[in-house]
Amino acid sequence: MTLYVEGLCEESAHRGMAQFQEIMRQQLEGSMQAELQKLLGTASGSEKEVAKKNFEGFTNLFQRFLQVKGPSVEWVKIQRPPEDSIQPYDKIAARGLPDSVADSLNKLVVVKLNGGLGTSMGCKGPKSLISVRNENTFLDLTVQQIEHLNKTYNTDVPLVLMNSFNTDEDTKKILQKYTHHRVRIHTFNQSRYPRINKESLLPVATSLSMSGQNAEAWYPPGHGDIYASFYNSGLLDQLIAQGKEYIFVSNIDNLGATVDLHILHHLVSQPNGKRCEFVMEVTDKTRADVKGGTLITYDGKLRLLEIAQVPKAHVDEFKSVSKFKIFNTNNLWISLPAIKRLQEKTAMDMEIIVNPKTLDGGQNVIQLETAVGAAIKCFDNAMGINVPRSRFLPVKTTSDLLLVMSNLYSLDAGSLTMSPKREFPTTPHVKLGSSFTKVQEYLTRLESIPDILELDHLTVSGDVTFGKNVSLKGTVIIIANHGDRIDIPAGSMLENKIVSGNLRILDH
């Protein structure tokens, strides 16, 4: 009898707790709505209309955030994808190309994610405007690639840039220089969502303004926002009306993400009922990529698993190169009509990424984000294609910049290709220390980019400079301790060397 009563007490306590949580959730939702209405009251006209649309998307995300309990995946339900759901690139390419590549290209739109700033590399303004090769910026190279396609095949492949409120103004100014290039360029803006206080879960903004104390109160909500903002901009419908069927989406700082005619042909040549609506390019994982998202099967669907979703006890397993062999390059091919259908049915379901930040004043906030690849589970006949590593060449740091500026690559019509003189196809592992973090510092420390054709590994730490025509081979480690300085003389050849201590070349 006692046991039965105890069981009942436990059950009613559990039910009471659930009811309490539901009341709290409703109160938070009500408070959030009241705050958003106050913010809307500080604007007028078109700004108010745009904010209203943004807040609809944010409210949806916030409500889902309040309802999520525990990790978004149950580890035991994770399965390896079936063999045929991730095809090797060679198999796709072996089918060859049709006589008329132009027909396929005219169904394509290239979309570049252009919301990021160059702050992590010490640059002001959009990251896409940083010079990466022969004075060409990321944006220059993108325009050159698409223009080359349009001229070669006499096609009309447009370029679409998804900007954020951080990059829109500067990007639009620079676009004027491409007026006479053979590529139509469109832009649309990512949403602008309010950062929320970590404690109260309410917006930190006091008005819709972007200046003064509100400068840090807003954020672009991750690239998963592409579906809603593309649809809301009206550009999606416009492109469908022009006969466009697929978008090729990639990060603008991935210099390997060029239009691949074999993947495009594979997509447009499928019979109508079996049309693949979503392709994610994946590539083999190395020790440098252990944090990258991977493809799994979950509840019978292909799904992207990100490290943020992994329960702590399984993080090491997730990072294992033997269990999860591939990772997402974020090069994606997506059906335009499918995006339209899913948006209209509000069926686009992406896991929420909770990103904690600390503002300059010390206030702790969170921003709710989504990732573009996470929507793979919503699309019909989705698949992965295991592509060569050369299609993943992101420039996130000056260490990456050294690789793409070097003689390891040659530049042709905006595309980088690895030199045939490189004996093995892997890129060297380069790790430049904090003295090289900012692009300006990096450029002043290198009189010219070293020859790294035969380099395997380079580590540089401390106050180090390189003279002209330096050649680095094998494994080279250069460490200047605190207070020391190392100047690598012009014309030096370092092969399998460790250089440390103090080495200064003085003019006399």
Side-chain angles (χ1 to χ4, degrees), residues 81-112 141-142 144-159 182-183 239 242-250 254-284 295 302 325-326 328-338 376 379-393 409-420 422 424-426:
E83 286 294 308
D84 62 345
S85 64
I86 301 178
Q87 301 260 337
Y89 175 79
D90 291 348
K91 189 177 170 187
I92 302 283
R95 293 176 188 149
L97 291 172
D99 293 338
S100 176
V101 171
D103 291 348
S104 305
L105 280 169
N106 280 326
K107 293 173 182 170
L108 182 70
V109 177
V110 174
V111 180
K112 293 287 181 184
L141 296 176
T142 302
Q144 286 167 28
Q145 288 164 20
I146 301 172
E147 183 177 43
H148 177 67
L149 277 177
N150 286 336
K151 282 180 170 175
T152 306
Y153 298 103
N154 192 24
T155 51
D156 172 30
V157 178
L159 169 63
R182 190 169 164 179
V183 56
L239 292 164
Q242 290 168 13
K244 306 298 179 189
E245 292 179 18
Y246 281 94
I247 53 173
F248 171 49
V249 183
S250 63
N254 179 7
L255 295 177
T258 55
V259 171
D260 186 280
L261 297 175
H262 293 286
I263 297 176
L264 177 62
H265 174 57
H266 174 76
L267 287 169
V268 298
S269 61
Q270 303 284 312
N272 269 347
K274 292 272 187 196
R275 270 282 164 104
C276 169
E277 294 183 342
F278 194 112
V279 160
M280 176 180 286
E281 292 186 35
V282 296
T283 195
D284 293 342
L295 280 178
L302 203 56
K325 295 180 173 12
I326 47 114
N328 167 28
T329 63
N330 220 35
N331 299 348
L332 309 167
W333 303 73
I334 313 170
S335 156
L336 283 168
I376 188 169
F379 290 84
D380 294 339
N381 304 314
M383 66 181 285
I385 295 180
N386 192 340
V387 296
R389 180 77 187 201
S390 57
R391 292 192 56 73
F392 184 66
L393 188 58
Y409 293 97
S410 59
L411 181 65
D412 180 34
S415 298
L416 290 182
T417 37
M418 193 177 277
S419 166
R422 173 85 173 166
F424 24 88
T426 54

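Atoms considered below: every heavy atom in the structure, side chains included; atoms not considered: hydrogens, waters and symmetry mates.
- Shown here for His265 and Gly96, the closest heavy-atom pair between the two residues is CD2-O, 3.5 Å.
- At a threshold of 4.5 Å between non-hydrogen side-chain atoms, the residues Asn154 and Arg182 count as touching.
- Of the possible donor and acceptor atoms, none in the side chain of Glu147 sits under 3.5 Å from a partner among the backbone N and O of Val183.
- If you take CG on Asn254 and CG on Asn330, they are separated by 8.5 Å, rounding to the nearest 0.5 Å.
- Using modelled atom types, one side-chain atom of Arg422 and one backbone atom of Thr426 make a donor-acceptor pair closer than 3.5 Å.
- Between the Glu277 side chain and the Asp380 main chain, a donor and an acceptor come within less than 3.5 Å of each other.
- Contact detail for Gln270 and Arg275: the closest heavy-atom pair is O-NE, 3.3 Å.
- Residues Thr152 and Asn150 have side chains not in contact (no heavy-atom distance under 4.5 Å, counting atoms from C-beta outward).
- Listed here is the closest heavy atom pair of Leu332 and Phe278: CD2-CE2, 3.9 Å.
- With a 6.0 Å radius and a threshold of 12 heavy atoms from other residues, nucleotides or ligands, His262 has its NE2 atom above the threshold.
- Considering only heavy atoms from C-beta on, Asp260 stays 4.5 Å or farther from Leu264 through its side chain.
- Contact record, Trp333 with Glu281: NE1-OE2, 2.8 Å, taken as the closest heavy-atom pair.
- Interatomic distance, Arg95 CZ to His266 NE2, rounded to the nearest 0.5 Å: 5.5 Å.
- Minimum heavy-atom separation, Asn331 to Ala257: OD1-CB, 3.5 Å.
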Apply side-chain contact (heavy atoms from CB on, under 4.5 Å) to the pair Phe248 and Leu267, showing each step before the final yes or no.
CA-CA 11 Å; Phe248 171 49; Leu267 287 169; over 6 Å; no
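- To the nearest 0.5 Å, atoms CD1 (Ile146) and CG (Leu159) are separated by 4.0 Å.
- Atom-to-atom distance recorded for Leu295:CG and Leu302:CG is 5.0 Å, nearest 0.5 angstrom.
- Across all their heavy atoms, Ser250 and Lys112 have their closest contact at OG-NZ, 2.8 Å.
- In this structure the side chain of Leu393 reaches within 4.5 angstrom of the side chain of Tyr409, judged on heavy atoms.
- The closest side-chain heavy-atom distance from Leu105 to Val259 is below 4.5 Å.
- Tested against Arg391 for a side chain to side chain contact (heavy atoms under 4.5 Å, CB included), the candidates Thr283, Thr258, Thr329, Ile385 yield a single pass: Thr258.
- Rounded to the nearest 0.5 Å, atoms CD1 (Ile326) and CD1 (Ile86) are 4.0 Å apart.
- If you take CG on Leu108 and CG on Asp156, they are separated by 10.5 Å, rounding to the nearest 0.5 Å.
- A 4.5 Å side-chain heavy-atom check between Pro158 and Leu239 finds at least one atom pair inside the cut-off.
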